[in-house]
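Step one of this worksheet: look at the structure below.
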Amino acid sequence: MATIFSRIIQGEIPCYKIAEDERFFAFLDINPLAKGHTLVVPKKEVDYIFQLGDEELGQMMVFAKKVAQAIEKALPCKRIGVAVIGLEVPHAHIHLVPITTEGDLDFKKPHLKLTPEEFLAVQDKITKMF
Ligand code: 5GP
């Protein structure tokens, strides 16, 4: 059965898309730690990021870098924090989270509840920066 992320990539489930190329896809996390929290996923269904081949993993990081640079330009933050968790969705992904302090990357802290209008505004700000 297709993962929830494959269904998002295929357009079966809606998302706030940030960027896409032939191999990778980036979209806003629905349960964000901060405005601009984005997930980068390979289109190929692989459970765990370190199951990707060396070349594909490198390409994924280069794609994530472009997305991170756009987020950084679009939103106030000091850095883009990078995390790999993968305990909830068995489809490799990188979390990109705008941060100002270490604690901003704490996945145990309360997540934001954004309205569709807020998600759209964040999506618009980031996608304009490519
Ligand atoms: P992890 O697998 O890294 O522990 O967590 C998966 C992440 O995917 C979570 O941050 C969660 O909010 C996000 N997520 C799960 N389902 C969906 C979804 O249907 N849409 C979006 N945009 N994000 C999702």
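When a ligand or atom number is given, it counts from 1 through the structure's own listing order.
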Using 4.0 Å as the upper bound for N to carboxylate O, is an ion pair formed by Glu22 and Lys43?
no

Heavy-atom closest pair (Leu112 atom, Leu33 atom, distance to 0.1 Å) is CG-O, 4.1 Å

Should Ile9 and Val89 be counted in the same cluster of Ile, Leu, Val, Met, Phe, Trp and Tyr side chains packed under 4.5 Å apart?
yes

Do Glu72 and Arg79 sit within salt-bridge range, that is, some charged N less than 4.0 Å from a carboxylate O?
no

Same hydrophobic cluster for Met129 and Phe119, using side-chain heavy-atom links shorter than 4.5 Å among ILVMFWY?
no

List, for ligand 1, each N/O atom that has a protein N/O partner under 3.5 Å away, with both atom names and the distance.
from: ligand 1; atom 1: 2 (O); to: Leu87; atom 2: N; distance (Å): 3.4
from: ligand 1; atom 1: 2 (O); to: Glu88; atom 2: N; distance (Å): 2.9
from: ligand 1; atom 1: 2 (O); to: Val89; atom 2: N; distance (Å): 2.9
from: ligand 1; atom 1: 2 (O); to: His93; atom 2: NE2; distance (Å): 3.1
from: ligand 1; atom 1: 3 (O); to: Gly86; atom 2: N; distance (Å): 2.8
from: ligand 1; atom 1: 3 (O); to: His93; atom 2: NE2; distance (Å): 2.6
from: ligand 1; atom 1: 3 (O); to: His95; atom 2: NE2; distance (Å): 2.8
from: ligand 1; atom 1: 4 (O); to: Leu87; atom 2: N; distance (Å): 3.2
from: ligand 1; atom 1: 4 (O); to: Glu88; atom 2: N; distance (Å): 3.3
from: ligand 1; atom 1: 10 (O); to: Asp29; atom 2: OD1; distance (Å): 3.3
from: ligand 1; atom 1: 10 (O); to: Asp29; atom 2: OD2; distance (Å): 2.5
from: ligand 1; atom 1: 12 (O); to: Asp29; atom 2: OD1; distance (Å): 2.6
from: ligand 1; atom 1: 22 (N); to: Leu28; atom 2: O; distance (Å): 2.9
from: ligand 1; atom 1: 22 (N); to: Ile30; atom 2: N; distance (Å): 3.3
from: ligand 1; atom 1: 23 (N); to: Ile30; atom 2: N; distance (Å): 3.3

How far does CD1 of Ile80 sit from CD1 of Ile71, to the nearest 0.5 angstrom?
5.0 Å

